[in-house]
Each structure stands twice: as C-alpha cells, then as structure tokens.
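Have a look at the structure below, then the notes.
In each ligand, atom 1 is the first atom listed, and ligand 1 is the first ligand listed.
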Amino acid sequence: MTVSTRVDLALLGIRGTPPVHRTGGAGPTDDGHVLIDGLPAAIPRNPDSPFVFDGDRVLYDGADVGVEVRGIGRPRFYDLTTADGVGYEKIARLHGRDVLATTVVQTCVRYGEDQRCRFCSIEESLRAGSTVAVKKPDQLAEVARAAVDLDGVRQMVMTTGTSNGRDRGARHLARCVRAVKAAVPELPIQVQCEPPADLSVIQELRDAGADAIGIHVESLDDGVRRRWMPGKATVSLDEYRSAWAEAVRVFGRNQVSTYLLVGLGEDADEMITGARELADMGVYPFIVPFRPHAGTLAVDVDRASAPDAAVVEKVTREVASHLRLVGMAGTEQRAGCAACGACSMLQTAGA
Ligand code: SF4
C-alpha cells in the first residue's frame, strides 16, 4: 500500500465497526483496529468516510481500493472477570494485533477544562463506565497472563494520567510493571508518563522490569504546547530533553520514544528538524496525525478538523527517511507504540 493511501485512511477513517475498537481514553482513540497489508492499523471510525470496511476489504465508492484488510477478532480474555468482579476488558484492552494496553490511572491532575490537553478524553471512558479509575497491579498481572495465554498477546503498553506527585504517576506504573513481570516474565512492557520531576524514577521503572519508555511531548513548539496542552506545557521542553537523555542512558538508544502530533499548527519543517534531533539523541519520534473525536475540547469546543493529508505525508516520509539513515526502526523497540505502529504511518514508510 502506498503511504498516501495509508494517510488517507488515517485521516478520513472508515465506515463500519471492526470487532476490536476503542471509544474515548488516553491519546488517539475512537478507532477500529485492523491489519492492512499485514501491518496493524488503528483507523478512526467515521460514519461520513468515503471508505467502507466490509469485513475484509476497504471499498471507496463501492470499488475495492486494492489493500488487503483483515479485522482483528474480539479477544477471548474480554469475556473473563476478576475474582472481585471486574471485567478484564475494563482493566486492559487489545490494541492492534497483539498489544495489551492499559491506562493504570484513568484520571489526570490536568483534566480541568483550562488545563487539559485539548485532544485527550482520558476521563470520558471512566465516566462511560467502560473502565475503572485505578488498575491494581495484581489485576493487571491476572489479565496479562490470560491475554498472553488465550490471545497470543506479545507486548504490553502501560500509560497513566498524571498525578500530583513528583513522580507524576511513574511509581504506580513501576508497581504495575513489577506485578505483571512476576506473572508473565516473557512479556515486554513499555511504560508511558510525563517527565518525572525526580529523574531517578526512570531507573526505578527500568529496575521494575520495564523494557521501553515513552515520554510524550506531542509538539516541540512552545506556542502550540501552551494552546493545546496548557497543563502539560508547564513542564518545559528542557525538562523533556533531560528526561529523554536520562531515559536513553537507562533504557538504551531506540528504546525511548515520544509522540509528535501533526495538525496542531506546528510548522512542518520545524517538526521534521526537531524529529531528526530526537532521533539523533536515540529517541524515536512517533509521528501521528491529530485525530479529532467527540468528547475532546478540540472537537466539542474548537471544532478542530483533521490535518492536511499532504502535510502528514511529507512529515511522515521525511522523518522515516532520517530514521532509516540512522538505523532506527519502530519494530526494533522491545515494546510500545513505535513497536506496534498502528497509530502512525511510519512503518508503511519503511521506519
Ligand atoms: S500505536 Fe500505541 S496507542 Fe496506537 S494502537 Fe498501537 S499501542 Fe495502541
């Protein structure tokens, strides 16, 4: 499949509901998970899209667009319940083909209307009753064991809403990693959090057994950060750089990543330059188009729309070309979003 078709699918979405999908939550959500030409893809569900998913093909105005699409079956672990009565599906979800993903704390200290990231809906899935506020380490261990045994899950992503503490939520992540590794030692885990004010927590996460880490900045432009992420923008880019450097020291080159969202207004060339610098310091810049969906301030208040396809394609291609040049592939990360790749077009572009 060409990069431009993959970009069109990511921006226009599909009509239809694949069996594995998400509504609300942290990061880019409201999508269906499918395999496109064998690669995992998280595609927005859009009732107005010209692309229709009919179960194993994508049609455009009734015509086959020539990409092989496979739905991902509902995982068996979704039908189980913990001893204390919580459905496994509320504790962790299947992403892509084989990623178990969870938000260990589903609330965020930055979720006040004047502070929250305008693209985020982390607390909406909690309000809808589709998840629980805090996932206990032993619950995660139980679900992870079942997801590996019943559904062939091969890696795990643990993210968290930000807490008030100096660790910004990382210590609960460390407890969860420790419990999952005790139950499923073979399962690689990526943790995701804001830069902890106390950088020694990064070593604690590694010591707990985390294999990779995502420290997500979303934009390298301070003006964009203040507009889109007023709460997170109070953590300076210098603090991000220090945390990335420490994370590369602890986890190793290409085991650290960050999201960069295309479509928030950052100059494309500046984003490409920043992404190259990140790659040169060992941090994989995970290029993802901004995805408008209901339940976020971006859509409900700002009426924001998806970015221009040509810009997404240009940033994706140029960053992918630099990643190839410096020998960094998402699939070489032990776990995490870059290893999965479903929310980005970088793997289609060869990175
Ligand atoms: S890239 Fe990350 S958020 Fe997207 S489907 Fe994969 S694991 Fe989930």
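- His95 and His33 have tilted rings, their planes meeting at an angle from 30° to 60° on a 0 to 90° scale.
- Under a 4.0 Å N-O distance rule, the pair Arg110/Glu194 qualifies as a salt bridge.
- Counting the atoms of ligand 1 from 1 in the order shown, those under 4.0 Å from a heavy atom of Phe286 are 1 (S).
- Backbone or side-chain N, O or S atoms of Cys337 reach atom 2 (Fe) of ligand 1 at under 2.8 Å.
- For Arg276, the salt bridge (Lys or Arg N to Asp or Glu O under 4.0 Å) partners are Glu318, not counting sequence neighbours.
- For ligand 1, the atoms sitting less than 4.0 Å from at least one non-hydrogen atom of Tyr259 are 2 (Fe), 3 (S), numbered in the order shown with element in parentheses.
- Under the rule for a side-chain hydrogen bond (donor to acceptor under 3.5 Å, both in side chains), the partners of Asp149 that lie at least two apart in sequence or sit in another chain are Arg145.
- Taking a cut-off of under 4.0 Å to the non-hydrogen atoms of His33, the atoms of ligand 1 that pass are 5 (S).
- Among the atoms of Cys343, an N, O or S atom falls under 2.8 Å of atom 4 (Fe) of ligand 1.
- Between Glu89 and Arg74 there is a salt bridge, since at least one side-chain N of the basic residue sits less than 4.0 Å from a carboxylate O of the acidic one.
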